[in-house]
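Throughout, a chain's letter reflects where its sequence line sits, starting with A, and its residues are numbered from 1. The shown structure was predicted, so the numbers you read here are calculated from the model rather than taken from an experiment.
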Protein chains: 2
Amino acid sequence: MKDKSMILFKKILQSEGLRYTKQREVVWSEINGSNEQHRNADQIYLSIINKSKVKVSRATVYRTIDVLVKHNLVKKIDGLENGSLYENRLDRKHHDHMICLETGNIIEFYNKELELLQDQIAEEKGYKIVRHVHQLFVKPIDS
Amino acid sequence: MKDKSMILFKKILQSEGLRYTKQREVVWSEINGSNEQHRNADQIYLSIINKSKVKVSRATVYRTIDVLVKHNLVKKIDGLENGSLYENRLDRKHHDHMICLETGNIIEFYNKELELLQDQIAEEKGYKIVRHVHQLFVKPIDS
DNA sequence: GTTGTTGCAAATACTTTGCAACTAT
DNA sequence: ATAGTTGCAAAGTATTTGCAACAAC
């Protein structure tokens, strides 16, 4: 599994004419292997620094994430207050996010009807959706 | 109309214990009076500098927009590449945005069914929506 | 050996803030 | 007169970039 994802990553690097390096490996393995699904670049960077013996800089974290996002291994969540969050996308299906304003907790949701409705709205105006951002900022019902 | 919106703004300033100044007036009147519905802070600032005799700084534009956003006279559109856009919200009904990736054009849309579906999704998880961001990044169907 | 990659520090872009001068009340 | 407001320039924040040293092929 860890192996499969790394092979896939290598193929992507190849397809882009990029080299396979320890730094790139460790960035992808940190994102892909962590239970933390919603972290910013700095959290990912610090996590690597703490547990990995490989030296990696913030610049390289950002540069590697760019490649991962481009090839849909990682999803970038933006539109939040302070920078973007990143989540592993490999073997995960599409979903959007509900962000609790009281706890900062992030809840994932997916609704097929809603997705279809979106497509339809775009189509009616003569467009097709390339990507979308759908975030619900919420509070617990009893608050 | 211009008058009504300014009276409302004065009331809001009062309610916040803020003073009515030429600078604040001109920022709100620029946003409320313009046909341009999707501008960033700098565009609004420059537009004021060009046509108004009142001296206003960028800092004041940002500070005034904060008040306007807080009181729902202005909607902040974020999650875009470079900074936020602002639109007049007075006497306008809720809508979301479709952003054309080819032209940068912004198309507004509103779909009641979609709004209800959203509420329902949040409710199912025990939350109520405070605000939401829904942006469709699109391309023309024939491209 | 050649060419891509890295870390660093500086640059960038948008926005916020401290402060002394100014202005509304 | 007093307390809030302004403009300015500096600081802040997240991310990107130029470049010399370095590593993968």
B/Arg58 side chain near D/dT6 phosphate (N/O to OP1/OP2, under 4.0 Å):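 Looking at the OP1 and OP2 atoms of D/dT6, neither is under 4.0 Å from any side-chain N or O of B/Arg58.
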
Please tell me if A/Ser84 has a side-chain N or O lying less than 4.0 Å from either OP1 or OP2 of D/dT15.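 Yes, within the criterion.
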
Closest heavy-atom pair and its distance - [X], [Y]:
X	Y	answer
B/Phe9	B/Leu73	CD1-CD1, 4.2 Å
A/Ile99	A/Ile106	CG1-CG1, 4.2 Å
A/Lys128	B/Pro140	NZ-O, 3.5 Å
A/Glu30	A/Ser47	OE2-OG, 2.9 Å

Would you check, one step at a time, whether the test side chain to side chain contact (heavy atoms under 4.5 Å, CB included) holds for B/Ile65 with B/Ile44? CA-CA 10 Å; B/Ile65 286 174; B/Ile44 293 165; 4.3 Å; yes

Length of the line joining A/Leu80:CG and D/dT15:C1', which is rounded to integer Å: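 Computing the A/Leu80:CG to D/dT15:C1' distance gives 15 Å.
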
Round to the nearest Å and state the distance from B/Glu16 atom CD to D/dG4 atom P.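 In whole Å, D/dG4 P lies 13 Å from B/Glu16 CD.
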
May I ask you to decide whether B/Glu108 forms a salt bridge with B/Arg92, counting only side-chain N to carboxylate O separations under 4.0 Å?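 Between B/Arg92 and B/Glu108 there is a salt bridge, with a charged N closer than 4.0 Å to a carboxylate O.
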
When you measure from the centre of the six-membered ring of A/Tyr20, is the NZ or CZ of A/Lys10 under 6.0 Å away and within 45° of the axis?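 The answer is yes; both the distance and angle limits are met.
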
Distance only, no hydrogens: is a donor on one side chain within 3.5 Å (strictly under) of an acceptor on the other, for A/Thr60 and A/Gln23?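 A/Gln23 and A/Thr60 do not have a side-chain donor-acceptor pair below 3.5 Å.
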
Which is it for B/Tyr127 and A/Met98 under the side chain to side chain contact (heavy atoms under 4.5 Å, CB included) test, yes or no, and what are the steps along the way? CA-CA 9 Å; B/Tyr127 292 94; A/Met98 212 177 289; 4.1 Å; yes

Span of DNA chain C in contact with chain B (heavy atoms, under 4.0 Å):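 Taking any atom under 4.0 Å from a heavy atom of chain B, the span is C/dC14 to C/dT25.
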
N/O-N/O pairs, protein side and nucleotides 20-25 of chain D side, under 3.5 Å:
{"unit_1": "D/dA24", "atom_1": "N3", "unit_2": "A/Arg19", "atom_2": "NH1", "d": "3.0"}

Would you please indicate if the ring centroids of A/His94 and A/His132 are separated by under 6.0 Å?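 Yes, the ring of A/His94 comes within the 6.0 Å limit of the ring of A/His132, centre to centre.
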
Verify the ring-centre separation between B/His97 and B/His134: is it less than 6.0 angstrom?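 Centroid distance B/His134-B/His97: not below 6.0 Å, so no.
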
Tell me which of A/Gly17 and A/Ala59 sits closer to the 5' end of DNA chain C, going by the nucleotide each one is nearest to.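 First, find each residue's nearest nucleotide; the 5'-ward one identifies A/Gly17.
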
Sub-4.0 Å heavy-atom contacts from residues 37-51 of chain B onto DNA chain D, ordered by number: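 The stretch gives none, as no residue of it lies under 4.0 Å from the strand.
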
